[in-house]
Amino acid sequence: MMGAPLPVLVALLASLSRAQAAAPPVGPLPLDTYPAGMREVMSAAERRARAHPADADAAGALGQALHAWEQWAPAHDAYSRAADFAPAVFAWPYLDACVLQRLGRQAEAAERLRRAVAIAPGYLPARVKLAEALLDTGAMDDSQRLFESLIAVPAAEPAARFGLGRIAAAAGRHEQAVTFFDRAIDLYPEWGAAYYALALSLRALGRTEDAQRAMERHTRFGARWPGLEDAVLAAVVNLRDDAASMLRHAEDLAVSGDLPGAIRENEKALARDPSLAVAHERLLILYGRMKDWDKAEVHYREALRIGSSLADIHYDHGVLLEMQGHWDLAGEAYRQACDINPLHAPAHNNLGQVLERTGNFQAALEQYRLALDGQPTFRLARFNLGRALVALGRPADAILELSRLTEPRDSESPRYLFALGVACMRAGNTDDGVRWSTEARRLATEYGQVELAAAIDQELKRLK
């Protein structure tokens, strides 16, 4: 700019003056309705945006604050202003697209994402989101081309395979869809949505049992989804420093397997609000998984002191003690949980397992029945009940219980079916015993349970 001729400078200044004059005022925010911590952040961002109505950074910063606090519509307005004033900046159309997706406005989100990808073609999260938005708006050919270009990128391959599976399923190509979904699940085995989509395609192919297994895994893993590092969006999320957002972030980190990160976020939440019993309870579990027994014990004591969800806290403490081999103390913790909440099924079940270790199968049997009273669909408790009945010499009663575990078929099924096979053999019904044990061995092999498959083989050889 130093050597620019005077007419060019005059024209540039005139252009800037027109942009400033054309900038409409920033709309008012309902600050009085916001919580105190949120109001403080919003007020500062709004003052800056009002003072500089044509400043893209000020408008974008207001959008980021609103976005962080899930104020979707005003965040969209602020990002739109920022993108108008700085059309070459990637962040504003990209973040606007993220907000529009939350508002369910996929077509507009796709348009913003096209702009964002044109500015920064190498930003992977934007490419993935654009492919997904195009799929959701029915632009299948464009979406397919984008997903196919992402298969070779390891971080994006799970999303690409899943997206291509959805496209194939929508076109009725369910065999192809199953192949894509299977690969996506191989890359991220806890992907609830992928299992659901797989179940629908399997059902369309008439593979009812396989579809049922896939649906059961969808139920187990729920909303778990493979993460993709997104520094631009993370910068918005990290603007919030209230305890509730920290707890949500901590839960997301725990689900993704980042235990140190989950611990850090829960500790930050406690620093903000020391009365959060749920944070102490989570830290009890997390430090237990890290085998940091002393810190886990500290959070157990703090959770007790606050006095919320005491049955769950005693139960979690029992699990912690069991992990350390302190069986008597674990049993006492489970009893305390059951005393507080007589319908606490996991506590009754675990107490039954502790009693089994002492050979007290009759008392264990009663605990398993109590667990099922509290939660009739608790498969592990029914399995344990069946085992206890076999140990007490009541194989016919065990068969009645274990027969209720033959469906659905999943990774837990091999041991359930093997227990049923053993009960049949103990009752003198060798044919059914061999049949169920053989099926158990097949499933154990399918799920890679090598030791269990070998144990079943030994039992079957003994019978021949």
Side-chain angles (χ1 to χ4, degrees), residues 154 157-158 161 178-179 181-192 194-195 198-199 202 207 209-221 224 226 255-257 259 288-291 319 322-325 327 346 349-350 352-354 356-357 378-391 395 398-399 401-426 429-464:
E157 186 182 356
R161 298 284 182 182
V178 166
T179 301
F181 293 141
D182 280 340
R183 176 56 181 160
I185 289 166
D186 285 343
L187 294 167
Y188 188 76
E190 297 184 354
W191 197 345
Y195 281 116
L198 174 62
L202 290 169
R207 295 167 57 182
E209 291 187 3
D210 291 337
Q212 189 172 8
R213 284 196 287 271
M215 193 62 74
E216 191 278 335
R217 292 186 183 92
H218 158 68
T219 302
R220 181 189 306 174
F221 296 122
R224 295 185 189 180
V255 167
S256 71
L259 302 188
R289 291 173 65 183
M290 297 285 288
K291 294 184 169 54
V319 173
E322 215 177 303
M323 291 170 66
Q324 300 173 76
W327 303 104
N349 178 71
N350 286 20
Q353 292 176 315
V354 170
E356 270 197 54
R357 292 183 63 84
F378 193 176
R379 297 165 74 200
L380 178 58
R382 195 169 300 281
F383 167 66
N384 286 332
L385 174 60
R387 290 190 309 101
L389 287 165
V390 170
I399 291 170
E401 297 295 340
L402 294 168
S403 293
R404 298 174 67 178
L405 298 176
T406 58
E407 296 292 344
R409 302 291 175 86
D410 56 26
S411 60
E412 298 298 317
S413 296
R415 57 177 178 159
Y416 298 163
L417 299 184
F418 183 39
L420 176 57
V422 170
C424 289
M425 293 174 197
R426 297 286 177 85
N429 191 340
T430 304
D431 289 344
D432 280 350
V434 170
R435 178 167 63 88
W436 288 116
S437 297
T438 301
E439 176 65 3
R441 180 182 60 185
R442 184 188 71 78
L443 287 172
T445 301
E446 179 182 323
Y447 286 106
Q449 299 170 4
V450 178
E451 292 183 5
L452 179 57
I456 298 171
D457 270 334
Q458 288 298 317
E459 183 67 19
L460 290 171
K461 287 176 184 178
R462 188 182 64 79
L463 292 172
K464 293 179 180 178

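Start at 1 with the first residue, then count along the sequence. Just so you know, these numbers come straight off a predicted model, no measurement behind them.
- The two residues Ala423 and Val390 have their closest heavy-atom pair at CB-CG2, 3.9 Å.
- Between the CZ atom in Arg289 and the CG atom in Leu259 there is a gap of 4.5 Å [rounded to 0.5 Å].
- The aromatic rings of Phe221 and Tyr195 lie parallel to each other, their planes meeting at an angle below 30°, with 60° marking the opposite boundary.
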Determine whether Ser411 and Gln449 satisfy the following criterion, side-chain contact (heavy atoms from CB on, under 4.5 Å), listing intermediate values before the conclusion. CA-CA 9 Å; Ser411 60; Gln449 299 170 4; 4.0 Å; yes

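- The two residues Ala453 and Thr445 make their nearest non-hydrogen contact at CB-OG1, 3.9 Å.
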Set out, in order, the CA-CA distance, both residues' side-chain angles and the distance that settles side-chain contact (heavy atoms from CB on, under 4.5 Å) for Thr406 and Trp436, then state yes or no. CA-CA 9 Å; Thr406 58; Trp436 288 116; 3.5 Å; yes

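- In this structure, Phe383 and Arg415 have side chains that are in contact, with non-hydrogen atoms separated by less than 4.5 Å.
- Although no hydrogens or angles enter the test, the distance criterion places no donor-acceptor pair under 3.5 Å between the side chain of Ser437 and the main chain of Glu459.
- Nearest heavy atom pair, residue Pro395 against residue Arg426, reads CB-CB, 3.8 Å.
- More than 12 heavy-atom neighbours from other residues, nucleotides or ligands sit within 6.0 angstrom of CZ on Arg379.
- A side chain to side chain contact (heavy atoms under 4.5 Å, CB included) with Pro408 is found for one member of Gln212, Met215, Glu209 and no other, namely Gln212.
- A pairwise comparison of heavy atoms in Asn349 and Ala381 identifies OD1-CA, 3.3 Å as the closest pair.
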Under the side-chain contact (heavy atoms from CB on, under 4.5 Å) rule, what do Tyr416 and Leu402 come out as? Steps first, then yes or no, please. CA-CA 7 Å; Tyr416 298 163; Leu402 294 168; 5.8 Å; no

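- Nearest approach of Asn384 to Arg387, heavy atoms of both residues: OD1-NH2, 2.9 Å.
- Using a 4.5 Å cut-off on side-chain heavy atoms (C-beta onward), Arg404 and Arg382 make contact.
- Rounded to the nearest 0.5 angstrom, Phe181 CZ and Arg161 CZ are separated by 12.5 Å.
- When atom types are taken as modelled, the side chain of Asn350 and the backbone of Gln353 share no donor-acceptor pair closer than 3.5 angstrom.
- Note that CG of Leu389 and CD1 of Ile399 are 10.5 Å apart. Values are rounded to the nearest 0.5 Å.
- Residue Leu443 holds its CG atom at 9.0 Å from CG of Asp410, rounded to the nearest 0.5 Å.
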Steps toward side-chain contact (heavy atoms from CB on, under 4.5 Å) verdict (Val422, Leu420): CA-CA 5 Å; Val422 170; Leu420 176 57; over 6 Å; no

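- To the nearest 0.5 Å, the span separating CG on Leu417 from CD on Glu412 amounts to 11.5 Å.
- We find that Asp457 and Arg441 are joined by a salt bridge, their nearest charged nitrogen and carboxylate oxygen being less than 4.0 Å apart.
- Contact check on Glu446 versus Arg442 returns a salt bridge, with a Lys/Arg side-chain nitrogen under 4.0 Å from an Asp/Glu carboxylate oxygen.
- With a 4.5 Å cut-off on side-chain heavy atoms, Arg183 and Thr179 do not count as touching.
- Atoms OG and CD, from Ser413 and Glu439 in turn, are 8.5 Å apart once rounded to the nearest 0.5 Å.
- Across Leu452 and Pro414, no two heavy atoms sit closer than the pair CD2-CB, 3.6 Å.
- In this structure, Arg213 does not pair ionically with Glu216, as no charged nitrogen and carboxylate oxygen lie closer than 4.0 Å.
- Glu157 is not listed as a side-chain neighbour of Pro226, based on a closest heavy-atom distance of 4.5 Å or more.
- Salt-bridge formation is not detected for the pair Glu190/Arg217: no Lys NZ or Arg NE/NH1/NH2 atom is positioned less than 4.0 Å from an Asp or Glu carboxylate oxygen.
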